[in-house]
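As C-alpha cells, the structure follows; a few thoughts come after it.
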Amino acid sequence: MASSSNSSAPKIMASTSTTSIQKRFKYDVFLSFRGEDTRKNIVDHLYHALKDKGIYTYKDDEKIQKGKRISDDLFKSIEDSKFYIIVFSKNYASSSWCLEELVKIMECQKMDEHTAYPIFYDVEPTEVRKQSGAVGQAFAKHEKEDAAGKWREALKEAADLAGWELKNTFDGHEGKFIKKIVGEISLELRSISFGFDEKLVGMETRVKDVVSSLEVGSDEFRMIGIKGMGGAGKTTTARAVFDNLSNDFEAISFVENVREVSKASIFGLKNLQEQVLSKVLKERVTVDSVTDGKNMMKERMRCIKVLLVLDDVDDIEQLEALAGGPNWFKSGSRIIVTTRNEQVLVAHRVNVIRDIALLSEQEAISLFSRYAFGRENPLQGYKELSGKVVRYAAGLPLTLKVLGSNLCGKDKHEWVDAIDRLEKIPLEETLKQLELSYISLEDEYKEIFLDVACILKRKHKAAAITILESCGFHAIIGLKVLEQRSLINVDGFGRLGMHDHIEEMGKNIVRREHPDEPKEHSRLWKYEEIVDILANDKVKISLLGTEATSCLKLYMLRGNSRILLKGLGKMKKLRYLEVFFANKNSESDPKFDDKCNIIARIVMKGLGKMKKLPYLEVFFANYYSESGLKFDDISQCFTNSLKYLKCRNYPFLYLPKTFQANNLVGLDMEDSRRMVQLWGEGGRKVLKKLKFLSLSGSELTTFDFGLTPNIETLSLKDSFDLEELCMPFSCQKLKYLNISHTKLRTFDLGLTPNLETLSLDRCAQFEELHVPVACPNLKILKLRKSSLRSLDLELIPNLKKLDLRYCDKLVEIKAPVGCLRKLVNLDLHGYLGFRSFTFYSRCEPKVNYSLLYPKKKVNCSSGTLGTLYLDGDSLDSCPLHPNSNLPKFKFICRYQEYLPSSVGNIEKLLSFGLCACTDFERFSDMICSLQCLQKLTLSGKNIPEFPKDLGQLQCLEELSLDSKKIKHLPDSICMLIHLKYLRLDWCTLLEKLPEDIGQLESLESLDLSFTMIKHLPDSICMLKRLKSLNLYQCSLEKLPDSICMLKCLKSLKVGNYDLLGKLPEDLGQLECLEELDVSSDKIEFLPDSICMLQRLKSLQVAWCCRLGKLPEDIGQIESLERLHLYKCSLLEKLPDSICMLKRLKSLDLDGCALLEKLPEDIGQLECLEELCLSSTKIKHLPDSICMLKHLKGLILFDCDLLEKLPEDLGLLEYIERLHVSSKKIEFLPDSICMLKFLKSLSVHCSCLGKLPEDIGQLESLERLDLSATSIKHLPDSICMLKHLNHLNLLDCVLLEKLPEDLGKLECLKRLIIKNTGIIRDHLPPRLISASSELLQSYGLPSVEAKEDKFLGHRRASSTNDIGTWNITVDNDNVSPDGKIEKPPRKMPSFSGLLNTLGSASKLKWPKNGYTKLSQEADDGL
C-alpha cells in the first residue's frame, strides 16, 4: 500500500509537568489500508470523521516526494503516530507495501506509547489470523518470498488484537460503525493528555473539577457556571475544558467576549447568535433580529448535541438570547458560562456554579517562572525577588503572566526598580480587567465598594452593615451584590475581605482623578498623604471649607499628632473618621501624658468643624491617667450631622455639651475607661434616633433607658462598676442586651417582646432574673458564672441557646414539659449534679415510625429521635446535703435530639441532677420515661445497677452499658425489639445474659468483650439478624455449636488467653462471615470447615501458641484479603494452597518463630500489598516473590537467619517500604536501586558492609535507616536523594565521614550520627559551621568557623551565631524522667534538625532535654 501525509490540521497535544504523557506524537492516528478496496468508501469516510473531530490523521501517498523510497517517509510516519487503525480487506494481503507497513506497525505496537486497532471490513478475524479464505488467496502470491514468514506472523498478531468487525457491529451500518470508532479513539486521546499549553499551571485539577461537574456521561442537558474575579483564569479554564471535551459532541462553539461584543453595537447580540448558529450548523447563517435568532436556535439546534461556551457574560439578557433553556438543545448537550456576576447564573437557574480557585504559592511561582525564565523555577539569585512578585500577585494568573513577561531578560537592578514601582503605581493591565466589574455597578453599590476597599476591609460583616446602614446605604443587598461579583468575600470569621488587587483597584479609582492632589480624594487612608495635607500651612488655603473627603483613616504617631489633628475640622463632608493613637501608659512618660491631653483637646475642637460628618470613628490612646490632668474641662464638639460615632479609649468623662446628636443612629464608645456617664450635669439629651449603643468597658454605675427610647442593640459589658439599670416597663424595640461582667444583682425584663439575646455572663453577684410577661422572641440566654439559685423558663417558650455553666448555686430550674421544645444548645458545665451537661438539637428528615415499626404502637413523635450519654463518677459528699445517705454521683451528660423537640426529655433531664445525691430508683424512672430515645450510653464504674425498666424505651436501637459492679442485666432488656446494637464491654463482673436474649429480633451487633460471661444462652441462635459478635476476653471455655446457626453473622471475634480450647467443627456454616478473629493459647487447630467460608475477607489468628498448622485447603477461601497469624509460635509451614488466594492483600506472619520457608509459588498472590515475615526462621525468600507486582510493604525485622535478598528485588516496582534486619546479610542487591517508589528503607544488618553505589536513584526515598551496620562509607549518590528527610546512622562505628554534598539535601530534617567514627574534621562544611566557643560548649573539639555560602560570607562570632541558626535547649516537652512527652512545636527546615552530631562527635546532650535547631533565614543550608 502507498501512504503519505495528506492529513487533517494537527491538534497540538502539549504536556505539562503534571500530565502523565511521556511522548508527543506528530500524528494521532495512522491509517493502514489497501487503496483499491477501501480508499473511496470506508477509509475516506473514516478519515473525514476523524478530521472533523480534530484528530490529526496520516493517510495516502500524495505528498511523498518523488525519487525517495516510499518506506523512508512511511516508517518515520508510523513511528510518529500514537494509534494505528489497520483496515483489513480482501486484497490487503496482496500488497507487499501493506504487509511491510503492518510489520513496522506491529513492532511499534509492542512499545508502551503505541496502540494498534484492526478493522475487519469485508473479512473475518479468522481469515486474517490463518491466512484463509479471501485473505489466503491474496497472500498466496507471496508464499515463496523471503519475507513471507514475518508477514504471516504480523497478520496473526494483528488479528489477535482487540478491534472492530463491521458485519457484527450495528448490523453492518457503516455510518454508525465509523462513529463508534471515532468516539473510542477520541476518548483514548483525551485520557492520554488534556492538551494543555506548557505555560498553563495547575490547570489539570481545575479542568477535572469542571469536567466532573458537567457529568459528560449523562444524557441529560446540563449547564454550569464558572465565576470569579477578573484575571483569575475563568476563560483559560473554560477553553481547556472545551478543548478537552470537544470531540465528544456533534457540534461545538466557543463564544468569546460576550459582554464586550453584545454591547459594542445594537446588533451585538444578533451577531453572537449568528456566530453560534453558523458554527453549530456548519453553514453561514443570518438572522433578522434577536427574537428571530432565539426562534431559529430553538428550532435548528434541538436535534444537535452541542458543547457551547459563553465567555464573560454579565447580563441575563445575554443568556436568554444565546442559551434560553434546555429545550433549545439536544439531550446530552453541555453549556459552560463564565462570568464575574454570580447573580446572572442564579437568575438563569444554572445547574452548578463553580468558583475559580486562585493559584497556590507553588503554582504561582511555577507560572511566573515560566514567563520570566522559561522554566519551572526561578534562576539562581532571583528566588527572593521572584517571591516578592508572587506575593504581590496574590495568586492572580493575569498579574503573574504580565509581570513575568515584563521582567523576562531584565537584570536584578531592573527587577528591584520594577518591584519598587509596583508599590506606588499599580499594574495597569490588571486593574483595567478588574475595573470592569466595578463599572457595571449601580452608583450606591459603587460607594459601598469604595468604602470597603479603602476603609472597612477586615471589619466584621455585621459591624460593616451597621455602619453602612447608619449612613443611609442599603448595606445587606449591597454587600451581597459585591460578593456575587467576586469583588468582596467573607472569611470564616465573618470579616469582609477582598483580593489585594481589587483593593488596589478601588483605591486607584479614588486617587486617579486627582493623582497629585490627595486633598481632593473622597477617601484618605495613606499616612504620608494625610500628613502632607494636615501638617502643611497650605491646609488652611486648600482645605478651608472643602467638601471632597468623606472618609479618613489615620493611625497617628505621637511625634506630630498635635499638628495633624488641627486640620481635621476643616473637612466639611467627612462622614467617616478613624483615628488611632499610639497605645501609651502615662505613668511611664508624664510628658506624653500631657501631649495626650493636648491632642485630645485638638481632636475634639477639630471635629466640631466637620459640619456634614455622618460617620466618625476615633481610637484614642489606651490611657490610664494617674497624674490628675483634667480631660473634662474642654468645650468639646462633634458635628451634629453625625450618624455613626465610634471612639475607642475616649479620654473624657462624658459626651460634649454642645453635641446635639439629633441624627445619631449608632454610638460606639467601647473601652472608654474614663467615661462615667453619657451626658454631664445639665446636659441630659434624649437620643431619639439612636438604635445601636455600646458603652462596653466604661466606668458607668447606672444607665437610664429613657435616654434611648428606640434602642435596638445595647452593650454595657465589662462596665465593672455598673450596679443599676433604670429601665421603663416597656422597651418595645430592644433586640440585643449585653450586661455581662457587671455588678448587677437583679434584672426585670419588663415588656421586651422583641428581645432576642440577653447576656449576663460573669455577673458574679447576679441573683435574680424576673420575667413578668412572656418573651416570645428571646432565643439566647447567657447566665454563666452567676449566683442564681432559681431560674424560671416557663415564659421563655422559644429559647434556643441556654448557657448556665458554673452556676454552682443554682438548685432549681422551672421548666414545664414542652417549654424548651425549641432548645438547640444547653450547657451546664460545672453544675452541681453534672460535671458537664451539653445539649444540642438539629434538624433531620422526619421518620414515620408507623412505617418503620408496623407491628407495634410506638409512642414517638414523628421525626423525633434522641441520643443520651451519661457517665457518672462517685463523690464522697454533696455540698448541699452533706448528711444525705444517698449515693453521691456527678455526671457527664450529653443529650442530642432531632427537632421538633416536644416530648419533654430535656425538661426531665434538668429535673434530675440538681445536686450530687442520686436516688437510683428515681434515676431509673427518669431514664426509662424518656420518649423516642434511639441511643443510650450509661457508664460509670461504681454505678450499682442499671435501670430495671429499660424495656419501656421502645424506640431504642443502640444501648451501651458499662459498670464494674453489675453482675446481671435486667430481664426487661429483652423487650427492646428494635434494638440493633448492644454493647456490654468492660462490664468486668457481668456473669451472664438473660436467657431470653434471643427475643431481640432486630439485634445486629453484640459486644461482650472483657466480661465474666462463661456461657451463652441457647436462645442466642434466635438472633437471626446478628451480624457482629465480639466475645474477646470473655470467660468462655467453648463456643456453643448453636452459634453456627447465625446465618447473617459477618464478624466473629472470640478468644482469651487460657480458656477457649477449640472452635465449633461446623464453623463453616456461617456462610456470610467476612471477619474472624481468634486468640487463645489453648487452640491447637482450626476446623477444616473454615475453608467453606467463601465470603471471609479477614482471618486473624493471634497468640495461638499451640497452633501447629493451618487447614490444607485454606486456599479455597477465595475472598480472603487479610491473613494475620501473629505469634503462632509453633507454626512450621504454610499450606501450598495459600498461593491460590488471588485476592489476598495482607499476609502477616510476625512471630511465627518456627517458620523456615514460604511456598515457592508465593508470587502467585498477585494482589498482595503487605508482607510481614518478622521474627521467623526464614533463610531465603523464594525468587517468585519478585512477581508480587502490587507489593507495597515488605517487613523482615528480626529475620536473623536470612542470608540475602533476591537479586531481582528491583522488579517490585511499587514497593514503598522495605525493612530488614538480619545477622547474615552482607550486601543489598544492585537492583534495589530500581525501586522508584520506595519511601522508607530500613536495614539493620550488622554484616552489611556497603550500599549499592547507585542508591541515589531511589528518587522517592524519604527515610533511610542504616543503624548498627558495618558500613564504612556512604556512596556520593546519596546526595541525590532530594526527598530524604530522615537519615539514621546510629552505631555505624566504622563510618568515619559523610559525603561532602550531604548538606545539599534540602528536605533533610533529622540526621543521627551517634556512636559513629565521624570526627570533626570529616564533617562537611555545608552541614554545620560554628565558632570554636560554641563547639567547645557542647563538648566538640575546637574548630575555626569558615566563610561559606551558608554563612552568607560572614564569620560566626559568638556562641549564638552559627550563620543564620539559633541553638536552644527546650525542656518544655520533657518529663521528669527525661522522656520527650510531645514533639517540638516547630521542626526546623534543614537541612535540619541535626539530632544531632551525637556522641561520636562528642556532642553532649542536655541532661533533661533535647537540642533544637531552628532556621530563621530564607536560604537555609
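Along the sequence shown, residues are numbered consecutively beginning with 1. The model shown is predicted, which means the values in this text are computed figures rather than measured ones.
Remark: side-chain polar atoms of His1190 are paired, donor with acceptor, to backbone N or O of Glu1166 under 3.5 angstrom. Side chain of Ser1231 to backbone of Glu1207: a donor-acceptor contact under 3.5 angstrom is found. No donor-acceptor pair closer than 3.5 Å links the side chain of Ser81 to the backbone N or O of Val29. When atom types are taken as modelled, the side chain of Tyr117 and the backbone of Phe83 share no donor-acceptor pair closer than 3.5 angstrom. Side chain of Ser386 to backbone of Pro378: no donor-acceptor contact under 3.5 angstrom is found. With hydrogens and angles ignored, the 3.5 Å screen pairs a side-chain donor or acceptor of Ser1270 with a backbone N or O of Ser1246.
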Residue pair Leu400, Tyr371: steps toward the side-chain contact (heavy atoms from CB on, under 4.5 Å) verdict
CA-CA 8 Å; Leu400 292 163; Tyr371 280 88; over 6 Å; no
Pair Leu1248, Ile1271 - check side-chain contact (heavy atoms from CB on, under 4.5 Å), show working.
CA-CA 6 Å; Leu1248 184 71; Ile1271 288 176; 4.2 Å; yes
side-chain contact (heavy atoms from CB on, under 4.5 Å) assessment of Ile1178 paired with Cys1199:
CA-CA 7 Å; Ile1178 288 178; Cys1199 292; 5.5 Å; no
Step-by-step side-chain contact (heavy atoms from CB on, under 4.5 Å) determination, Lys1177 to Leu1154:
CA-CA 6 Å; Lys1177 286 189 175 181; Leu1154 297 183; 4.0 Å; yes
Criterion salt bridge (Lys or Arg N to Asp or Glu O under 4.0 Å) on Glu79 and Lys104, from CA distance to verdict:
CA-CA 9 Å; Glu79 293 170 355; Lys104 182 63 177 178; 2.8 Å; yes
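When all heavy atoms are compared, the tightest approach of Leu1289 to Thr1316 is O-CG2, 3.1 Å. Heavy atoms only, all atoms of each residue included: Cys1307 and Lys1282 are closest at SG-O, 3.3 Å. Nearest heavy-atom pair, Lys1189 versus Leu1211, reported as atom, atom and distance to 0.1 Å: NZ-O, 3.6 Å. Nearest heavy-atom pair, Gly1256 versus Met1280, reported as atom, atom and distance to 0.1 Å: O-CB, 3.8 Å. Between Lys1272 and Leu1295, the shortest heavy-atom distance links the atoms O-CD1, 3.4 Å. The shortest non-hydrogen separation linking Ile1255 to Pro1275 is CG2-CG, 4.1 Å.
With contacts defined as side-chain heavy-atom distances shorter than 4.5 Å, the pair Leu1258/Leu1264 does not qualify. Contact annotation: the side chain of Pro1159 never approaches that of Asp1161 to less than 4.5 Å [non-hydrogen atoms, C-beta and beyond]. In this structure, the side chains of Leu1158 and Leu1149 come closer than 4.5 Å at one or more pairs of heavy atoms. In this structure, the side chains of Lys1236 and Glu1259 come closer than 4.5 Å at one or more pairs of heavy atoms. Taking the side chain as every heavy atom from C-beta outward, Leu1251 and Leu1266 approach each other to under 4.5 Å. Side-chain contact between Glu376 and Ser366 is present, with heavy atoms from C-beta onward closer than 4.5 Å. By the 4.5 Å heavy-atom criterion applied to side chains, Glu1226 and Cys1247 are counted as neighbours. Inter-residue side-chain proximity for His114 and Phe25 is flagged as met; some heavy-atom pair is nearer than 4.5 Å.
Using the six-membered ring where Trp is involved, Phe1197 and His1244 have ring planes that are tilted, between 30° and 60° apart. Note: Phe373 and Phe368 have perpendicular aromatic rings, judged against thresholds of 30 and 60 degrees for the angle between ring planes.
There is a side-chain donor-acceptor pair under 3.5 Å between Ser1098 and Arg1122. For the residue pair His1283 / Ser1260, no side-chain donor-acceptor distance below 3.5 Å is found, with atom types taken as modelled.
One distance of note links CD of Glu1213 with CZ of Phe1237; it measures 7.5 Å at 0.5 Å rounding. The line from CD1 of Ile1185 to CG of Leu1194 is 5.5 Å long, rounded to the nearest 0.5 Å. Between atom CZ of residue Phe30 and atom CG of residue Asp80 there is a gap of 11.0 Å, rounded to the nearest 0.5 Å. Expressed to the nearest 0.5 Å, how far CG of Leu1168 lies from OG of Ser1146 amounts to 7.0 Å. For the atom pair CG of Leu1123 and CD of Gln1100, the computed distance is 10.0 Å after rounding to the nearest 0.5 Å. Separating the OH atom in Tyr1126 from the OG atom in Ser1175 is a distance of 8.0 Å, to the nearest 0.5 Å.
Relative to the six-membered ring of Tyr382, Lys412 meets both conditions, a distance below 6.0 Å and an angle of at most 45° to the axis.
Within a 6.0 Å sphere centred on NZ of Lys1157, heavy atoms belonging to other residues, nucleotides or ligands number 12 at most. No more than 12 heavy-atom neighbours from other residues, nucleotides or ligands sit within 6.0 angstrom of CG on Asp1230.
Each of His1219, Glu1216, Arg1217, Glu1262 was compared with Ser1240 under the side-chain hydrogen bond (donor to acceptor under 3.5 Å, both in side chains) criterion, and only His1219 meets it.
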